Amino acid sequence: MQRAEAARQALLTSHPESEVAVLKLDVGSIRSVLHAAQEVKLRYNRLDYLYLNAGIMPNPQLDIKAFFKGLFSSNVISMFATGEGILTQKDKTTSDGLQEVFVTNLFGHYLLVRELEPLLCQPEKTSQVIWTSSSNAHRSAFSLEDLQHLRGTEPYSSSKYASDLLSVALNRKHNQQGMYSSVICPGLVMTNLTYGILPSFFWTLIMPIMWLIRVFTNTFTLTPYNGAEALFWLFMQKPESLDALVKYHSLTSGLGNNYTQPHKMDIDEDMSEALYKKLQDLEDEVRQRLN
Ligand SMILES: NC(=O)C1=CN([C@@H]2O[C@H](COP(=O)(O)OP(=O)(O)OC[C@H]3O[C@@H](n4cnc5c(N)ncnc54)[C@H](OP(=O)(O)O)[C@@H]3O)[C@@H](O)[C@H]2O)C=CC1
Ligand SMILES: CC(C)=CCC[C@@H](C)[C@H]1CC[C@H]2C3=C(CC[C@]12C)[C@@]1(C)CCC(=O)[C@@H](C)[C@@H]1CC3
């Protein structure tokens with residue numbers, strides 16, 4: 001909570017007229033999500049925006065061989081833009097008996113949205129739910145038969161693809177009640193997540209190479225400020241005008257200009273419906289276990 005309090009103080013310094021409240025929430029714990037949602041319902045009557053940003057990539061491993069192979073292939077730009085085929089992770093089980101990446105990146109958020117539906121879906125008003133997804137969300141990493149990615153080595157990619165599917169399902173279910181869901185990708189940003197892949201001094205050393213690569217992909221946004229471009233852009237849009245089947249990417253040009261670009265997602269609407277059904281079944285199961 002110390003960092004949250006520091007962020008609150010920083011926000012109050014830059015925007016003294018605002019009200020900023022903090023609330024403890026571990027999206028990786030079912031109890032914590034239910035408890036925090038209860039607290040939100042006590043404090044507020046409605047929500048206009050819900051940003052689902054929390055995410056983890058534990059124990060990332062870079063496949064050096066695949067990286068050098070990719071470097072000299074026709075897929076090199078796509079490899080730098082999405083990290084496809086060169087990153088794996090090691091997942092673990094939480095005390096709720098769920099896979100940590102699945103529950104932190106997807107299921108905890110799903111449960112939070114379910115709990116907060118009464119505050120998000122209100123007559124005559126619109127609300128926006130925004131997921132921080134990733135260009136690393138690949139259909140090939142996801143399976144409806146292995147939602148939690150127990151059998152694979154790319155739980156991060158699987159969980160992000162699942163968030164894309166879930167956003168589509170949420171739109172189908174709740175647009176008529178005024179709730180709209182979107183997914184964004186911030187691009188490659190230097191944060192604790194990327195410092196887990198390579199140490200920060202190494203990223204600093206290769207920064208000139210990264211600026212060069214940015215000229216070819218525009219996906220190397222590199223700073224949190226640049227990465228937030230799509231969030232800001234979405235905030236300025238009318239939710240009814242957004243395309244549910246699109247992911248909004250924050251991009252930074254070689255000259256350092258930020259912009260947002262929509263990319264059609266590789267999504268099958270039946271699959272998104274099937275995922276929603278499976279999440280509902282799991283929700284029933286975990287709620288029963290808690291009672
Ligand atoms: N960095 C990148 O290149 C990219 C990142 N993303 C996504 O952006 C999002 C933010 O990640 P990023 O800032 O890069 O990484 P960081 O590791 O720097 O930040 C992760 C954030 O998620 C929060 N978080 C992690 N686990 C939990 C949990 N169990 N409960 C509540 N909050 C949690 C952390 O909170 P706390 O500070 O309290 O620990 C922190 O605010 C993630 O969803 C990530 O997948 C997507 C594409 C690219
Ligand atoms: C830039 C150089 C010379 C080397 C770095 C190689 C990789 C470590 C790097 C290349 C593309 C990156 C990437 C990600 C992580 C680091 C890379 C694999 C992500 C998968 C990080 C998390 C995300 O959500 C994606 C959007 C990133 C995609 C690109």
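Atoms within each ligand, like the ligands themselves, are counted from 1 in listed order. For the single chain, residues carry numbers from 1 onward in sequence order. Note that the structure is predicted; figures quoted are calculated from it, not measured.
- Neither the backbone nor the side chain of M190 has any atom closer than 4.0 Å to an atom of ligand 1 (non-hydrogen atoms only).
- Contact annotation: for P186 versus ligand 2, there are no heavy atoms closer than 4.0 Å.
- When K173, H174, Q122 are each tested for a side chain to side chain donor-acceptor pair (under 3.5 Å) with E117, only one passes: H174.
- The protein heavy atom nearest to atom 31 (C) of ligand 1 is L25 O, 3.2 Å.
- Scanning the protein heavy atoms around atom 24 (O) of ligand 2, the nearest turns out to be S134 OG, 2.6 Å.
- Residue contact annotation: P60 has no non-hydrogen atom under 4.0 Å from ligand 2.
- In summary, the side chains of N53 and T132 do present a donor paired with an acceptor at a separation below 3.5 Å, with no hydrogens or angles considered.
- The heavy atom nearest to atom 1 (N) of ligand 1, considering only V189, T221, L222, is found in V189.
- Checking atom 28 (C) of ligand 2 against the protein gives a heavy-atom contact under 4.0 Å.
- The protein heavy-atom contact nearest to atom 21 (C) of ligand 2 is L188 CD1, 4.1 Å.
- The aromatic rings of F107 and F102 lie parallel to each other, their planes meeting at an angle below 30°, with 60° marking the opposite boundary.
- Within the 4.0 angstrom cut-off, atom 7 (C) of ligand 1 has one or more protein heavy-atom neighbours.
- Looking from atom 18 (C) of ligand 2 to the surrounding protein, the closest heavy atom is I86 CD1, 3.7 Å.
- What sits closest to atom 24 (N) of ligand 1 on the protein, heavy atoms only, is A54 CB, 3.7 Å.
- Given atom 2 (C) of ligand 2, the protein heavy atom at minimum distance is I206 CD1, 3.7 Å.
- Distance remark: protein heavy atom not present below 4.0 angstrom from atom 41 (O) of ligand 1.
- Distances between N or O atoms of D26 and those of ligand 1 include at least one value under 3.5 Å.
- Protein non-hydrogen atoms do not reach within 4.0 Å of atom 35 (O) of ligand 1.
- When each atom of ligand 2 is checked for a heavy atom of L198 under 4.0 Å away, the hits are 8 (C).
- Scanning all protein heavy atoms for the shortest distance to atom 11 (O) of ligand 1 gives L193 CD1, 4.3 Å.
- By the 30° and 60° cut-offs, the orientation of the rings of Y161 relative to F142 is tilted.
- For the residue pair T153 and T88, no side-chain donor N or O sits within less than 3.5 Å of a side-chain acceptor on the partner.
- In this structure, atom 47 (C) of ligand 1 has a protein heavy-atom contact shorter than 4.0 Å.
- Shown are Q288, K278, R114; of these, the side chain to side chain donor-acceptor pair (under 3.5 Å) with E283 is made only by R114.
- Residue M210 touches ligand 2 through its side chain alone, judged by heavy-atom distances below 4.0 Å.
- For atom 12 (P) of ligand 1, the choice among T191, T94, T132, I56 with the nearest heavy atom turns out to be T191.
- Considering backbone and side-chain atoms alike, Y156 places an N or O below 3.5 Å from some N or O of ligand 1.
- Among protein heavy atoms, the minimum distance from atom 20 (C) of ligand 1 is reached at G55 O, 3.6 Å.
- Put simply, the side chain of T252 never gets that close to the backbone of G256: no donor and acceptor are under 3.5 Å apart.
- Taking any N or O of T194, backbone or side chain, none lies under 3.5 Å from an N or O belonging to ligand 2.
- Between atom 18 (O) of ligand 1 and the options N192, V27, N136, the minimum heavy-atom separation is to N192.
- Here the protein heavy atom with the shortest distance to atom 11 (C) of ligand 2 is F80 O, 3.4 Å.
- Ring-plane geometry between H263 and H249 is classed as tilted, the angle between the planes lying from 30 to 60 degrees on a 0 to 90 degree scale.
- Proximity of R3 to ligand 1, defined as any heavy-atom pair under 4.0 Å, is confined to the side chain (atoms from C-beta onward).
- For T219, no heavy-atom contact with ligand 2 is shorter than 4.0 Å.
- Taking any N or O of Y156, backbone or side chain, at least one lies under 3.5 Å from an N or O belonging to ligand 2.
- For atom 15 (C) of ligand 2, the nearest protein heavy atom (residue, atom name, distance) is I197 CD1, 3.4 Å.
- Of the listed residues (G187, G227, S133), the one carrying the non-hydrogen atom nearest atom 4 (C) of ligand 1 is G187.
- The ligand atoms of ligand 1 that sit less than 4.0 angstrom from a heavy atom of P186 are 6 (N), 46 (C), 47 (C), 48 (C).
- A donor-acceptor pair shorter than 3.5 Å cannot be found between the side chains of W203 and T194.
- Protein heavy atom closest to atom 9 (C) of ligand 1, with residue, atom name and distance, is N53 O, 3.0 Å.
- The single protein non-hydrogen atom nearest to atom 20 (C) of ligand 2 is L87 CD1, 3.6 Å, given as residue, atom name and distance.
- Protein heavy atom in closest approach to atom 7 (C) of ligand 2: L62 CD1, 4.1 Å.
- Taking a cutoff of 4.0 Å between a charged side-chain nitrogen and a carboxylate oxygen, R139 and D268 qualify as a salt bridge.
- Just one of D146, T93, N105 meets the side chain to side chain donor-acceptor pair (under 3.5 Å) condition when paired with Q99; it is T93.
- Side-chain contact check for D164 and S167: no donor-acceptor pair (N or O, by modelled atom type) lies under 3.5 Å.
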Legend entry - From CA spacing to verdict: salt bridge (Lys or Arg N to Asp or Glu O under 4.0 Å), D26, R31: CA-CA 9 Å; D26 175 1; R31 266 179 214 283; over 6 Å; no
